[in-house]
Amino acid sequence: MKLRLSDTLKRQKVDFVPKNPQRVTMYVCGPTVYNYAHIGNARPVVVFDVLFRLLRHLYGEEAVIYARNITDVDDKINQKAMAEGVDINVITSKFADIYNADMRALNALEPTIQPRVTQNMNAIVAQIEALIRNGHAYAAEGHVLFDVESYKAYGALSNRSLDDMIAGARVEVAPYKKNPQDFVLWKPSKPGEPKWPSPWGEGRPGWHIECSAMIEANLGLPIDIHGGGHDLIFPHHENEIAQGVCAQHGHSHQEESYARYWMHNGFLTMDAEKMSKSLGNVLLVHDLIKEFPGEVIRLALLSAHYRAPLNWTRELLEQSRKELDYLYGVLLRHKAIETWVPSERQACNEREGALLGALLDDLNTPSAKAKLFDLANNLEHLSNPNVERTEDAAEVAPTAASLVKHEFLLLAGVLGILQQDPEAWFKGGADDDLSAKVEALLEARKTARAEKNWAEADRIRNELTALNVEVMDGPAGATWKLKA
RNA sequence: GGCCUGAUGGCGGAGCGGUUACGCAGCGGAUUGCAAAUCCGUGUAGCCCGGUUCGACUCCGGGUCAGGCCUCCA
């Protein structure tokens with residue numbers, strides 16, 4: 001089984017070969033914690049969570065180390081802390097917790113490590129010192145700047161030349177910069193702002209150096225996969241490469257010596273427009289999970305290929321909910337079928353290659369979804385009494401169905417969906433009181449139906465409808481679900 | 001101005017140089033006391049103009065349109 005990924009730096013789809021299969025490393029740029037995450041922030045989280053799950057399946061759970069940072073040093077954090085008259089820790093710990101809870105609601109596994117800027121100051125200062133020592137950075141007026149002219153490959157990731165960048169620059173150039181494109185590694189803090197000691201005076205790090213220093217300190221170089229949103233390619237990731245490569249002792253100016261594969265997810269739009277505060281179309285995950293199950297949001301985020309743009313609409317959510325209703329319905333109807341369990345770890349076999357093929361081909365989640373429906377359909381066919389079949393097929397069915405169910409759950413597991421009890425899914429937010437009431441009404445209806453008292457049976461069903469409950473009669477009796 | 005995406009049926013959305021993607025919705029049928037759920041069947045496509053080819057939605061060239069980046073925004 002071969003994993004292929006689209007590499008932004010190489011500009012093509014390539015075979016993924018980890019530097020060390022015993023220790024596969026991945027880093028994804030995480031949030032700056034000063035407010036709630038919006039749905040666009042959730043896309044890379046879910047996309048790279050699928051990759052994390054796939055890598056764990058391929059290389060083993062213990063072999064994959066996934067780091068997603070928490071940026072807890074930032075101007076916006078300072079502003080918010082100042083406005084509320086509290087320490088920045090109050091703001092950052094609050095929003096880091098909310099962020100993690102919101103992402104957990106989307107079935108995103110917790111990354112192996114979540115490095116924080118405030119806990120990596122020594123590493124950041126050390127990397128800046130290394131850059132100065134290697135002749136790639138200079139101190140000026142309390143600032144330390146990266147000298148872009150000193151790194152020949154600068155612009156390789158975003159495919160732009162220094163000349164282009166200068167031509168396109170719209171920012172006023174600070175007088176202490178040697179080159180307009182030189183970017184800040186360290187800057188002095190203004191009075192009242194949080195500050196940390198450094199050889200260049202008290203201050204705080206620039207944004208880009210935080211990530212490259214945390215990567216070096218927490219994962220070691222080079223890492224295998226570096227991911228993030230499309231918008232981070234320039235300047236953030238371009239600068240990270242420059243720093244990560246140039247800080248290394250005796251470095252060879254090879255971009256791959258920092259990160260071996262670069263992946264970027266496409267943007268999410270709201271009615272074909274970028275989400276932004278000025279347009280007033282920001283949709284918070286925190287609010288959305290009150291209205292839709294996290295799994296619905298997750299499936300909607302995976303409905304398009306990760307590199308393609310994704311237009312976020314109400315209809316997309318409704319469709320995703322219906323799809324999950326169907327798939328959980330299949331699981332509910334085949335609850336009795338025991339899932340086949342491989343006797344030992346059977347990695348890399350042919351069946352599994354076909355099963356995960358779509359995901360192995362650059363995380364093709366829409367195609368994987370189609371495969372899931374295919375398996376669901378097989379499961380129905382193998383055991384649904386409404387489907388005509390020959391007699392010997394019926395005999396094969398139990399074993400075959402058990403295998404299909406295993407494959408269905410395996411694929412769904414890598415996608416991070418369909419792992420809960422189907423009854424729990426359909427009962428959704430129903431509390432115990434409501435559940436008990438519904439069960440009692442269903443029992444009464446069962447009796448009425450047995451007596452062919454259709455009027456009473458329908459009256460009970462209407463009562464259930466009034467409770468927002470939908471009844472599904474089946475050969476094994478009636479089940480129910482809470483309507484949206 | 002430079003760089004980068006994308007354009008597929010009513011909607012969402014893949015693969016593929018010739019054969020049904022898949023899903024949602026619709027329609028017809030089966031099943032059901034009636035419904036729902038389920039099953040079977042089914043219509044609708046490839047932005048425009050050229051080119052390559054026996055054959056292009058798929059490859060090449062040129063347009064058009066939409067979105068993003070070039071400002072510490074995923």
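For clarity, every value in this text was computed on a predicted model and none was experimentally measured.
The CZ-P distance, from R461(A) to G33(B), rounds to 12 Å in whole Å. The distance from atom CG of L324(A) to atom C1' of C24(B) is 13 Å, rounded to the nearest whole Å. When the C1' atom of U38(B) is taken as reference, atom CG of L331(A) falls 15 Å away, rounded to whole Å. Between the C1' atom of C11(B) and the CZ atom of R314(A) lies a distance of 17 Å, rounded to the nearest Å. Regarding L375(A), its CG atom lies at a distance of 12 Å from the P atom of G23(B), rounded to whole Å. The CG-P distance, from D362(A) to U5(B), rounds to 13 Å in whole Å. If you take CG of L317(A) and P of C24(B), they are 16 Å apart, rounded to a whole angstrom. G23(B) atom C1' lies 14 Å from atom CG of D325(A), rounded to whole Å.
Taking atom C1' in both G12(B) and A25(B), one finds a spacing of 11 Å when rounded to whole Å. Remark: the separation of the C1' atoms in C69(B) and C73(B) is 10 Å, to the nearest Å. G61(B) sits 14 Å from C4(B) when the P atoms are compared, rounded to a whole Å. Taking atom P in both U52(B) and C57(B), one finds a spacing of 16 Å when rounded to whole Å. Taking atom C1' in both U31(B) and C39(B), one finds a spacing of 8 Å when rounded to whole Å. Between the P atoms of U8(B) and G46(B), the separation comes to 11 Å (whole Å). Here the separation of U32(B) from U38(B), taken at their C1' atoms, is 10 Å to the nearest Å. For the P atoms, the distance linking G6(B) with G13(B) amounts to 13 Å, nearest Å.
Distances shown here put a side-chain N or O of Y326(A) below 4.0 Å from the OP1 or OP2 atom of C39(B).
Where R11(A) and L316(A) meet RNA chain B, the nucleotide closest to each residue was compared, and R11(A) sits on the side nearer the 5' end. Comparing M472(A) and A370(A) against RNA chain B, the residue whose closest nucleotide sits nearer the 5' end is A370(A).
Closest contact between the side chain of R333(A) and the listed nucleotides C39(B), C24(B), A37(B) involves A37(B). With C34(B), C11(B), C4(B) as the choices, the nucleotide that has an atom nearest any side-chain atom of N159(A) turns out to be C4(B). The side chain of R449(A) has G33(B) as its nearest neighbour among A35(B), G23(B), G33(B). Checked against A25(B), G12(B), G33(B), the side chain of K322(A) finds its nearest nucleotide in A25(B). For Q181(A), the side-chain atoms get nearest to U71(B) when compared with the rest of G23(B), G33(B), U71(B). For E323(A), taking side-chain heavy atoms from C-beta onward, the closest of the listed nucleotides C22(B), U38(B), C24(B) is C24(B).
The base of A21(B) has none of its N or O atoms less than 3.5 Å from a complementary donor or acceptor on the side chain of D374(A).
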Kindly give the atom pairs (protein nitrogen or oxygen, nucleotide nitrogen or oxygen) under 3.5 Å for nucleotides 72-74 of chain B.
unit_1, atom_1, unit_2, atom_2, d
C72(B), N4, K187(A), NZ, 2.8
C73(B), OP1, K76(A), NZ, 2.0
C73(B), O2, K274(A), NZ, 2.3
A74(B), OP1, N41(A), OD1, 3.2
A74(B), O2', G229(A), N, 2.4
A74(B), O2', D231(A), OD1, 3.4
A74(B), N1, L268(A), N, 3.1
A74(B), N3, G40(A), O, 3.3

Within the sub-3.5 Å range, which N or O atoms of nucleotides 13-15 of chain B have a protein N or O partner, and how far apart are they?
unit_1, atom_1, unit_2, atom_2, d
A14(B), OP1, H305(A), N, 2.8
A14(B), O3', N364(A), ND2, 3.4
A14(B), O2', N364(A), ND2, 3.4

List, one per line, each side-chain donor-acceptor pair under 3.5 Å for residues 469-477 of chain A, sequence neighbours excluded.
unit_1, atom_1, unit_2, atom_2, d
D473(A), OD1, R445(A), NH1, 3.2
D473(A), OD1, R449(A), NH1, 3.4
D473(A), OD2, R445(A), NH2, 2.9

For a quick test of your reading: what N or O donor-acceptor pairs under 3.5 Å do the side chains of residues 101-111 of chain A make, sequence neighbours left out?
unit_1, atom_1, unit_2, atom_2, d
D102(A), OD1, H286(A), ND1, 2.9
D102(A), OD2, H286(A), ND1, 3.2
N107(A), ND2, G416(A), O, 2.9

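You'll find the ring centres of H226(A) and Y261(A) outside the 6.0 Å limit. Outside the 6.0 Å centre-distance limit, the rings of H136(A) and Y151(A) are not counted as a close aromatic pair.
Qualifying ring-ring contact (aromatic ring centres under 6.0 Å, His included) partners for Y34(A), counting only residues two or more places apart in sequence or in other chains: none. In terms of the side-chain hydrogen bond (donor to acceptor under 3.5 Å, both in side chains) criterion, W207(A) has no residue partners (sequence neighbours excluded). By the side chain to side chain contact (heavy atoms under 4.5 Å, CB included) test, A455(A) is found to be paired with N453(A), residues two or more places apart in sequence or in another chain being considered. Residues satisfying the ring-ring contact (aromatic ring centres under 6.0 Å, His included) criterion with F408(A), sequence neighbours excluded, are absent altogether. Listed by chain and residue number, K10(A) satisfy the side-chain hydrogen bond (donor to acceptor under 3.5 Å, both in side chains) test with D7(A) (two or more places apart in sequence, or in another chain). A search for side chain to side chain contact (heavy atoms under 4.5 Å, CB included) contacts involving R11(A) returns N159(A), not counting sequence neighbours. Judged as a ring-ring contact (aromatic ring centres under 6.0 Å, His included), and not counting sequence neighbours, F426(A) has no contacts.
Within the 4.0 angstrom heavy-atom criterion, no nucleotide atom of any strand lies near E315(A).
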Query raised in the report: In dot-bracket form, how is RNA chain B paired, counting a Watson-Crick or G-U wobble pair only if both its distances are under 3.5 Å and using | for bases paired to another strand?
Result: (((((((..(((.....[...))).(((((.......)))))....(((((..]....))))))))))))....

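Counting heavy-atom neighbours within 6.0 Å of K2(A) NZ, excluding the residue itself, gives a total of 12 or less. Residue-environment remark: NZ (K427(A)) exceeds the threshold of 12 foreign heavy atoms within 6.0 Å.
Seen from the ring of F234(A), R160(A) counts as a face-on cation partner, given the 6.0 Å and 45° thresholds.
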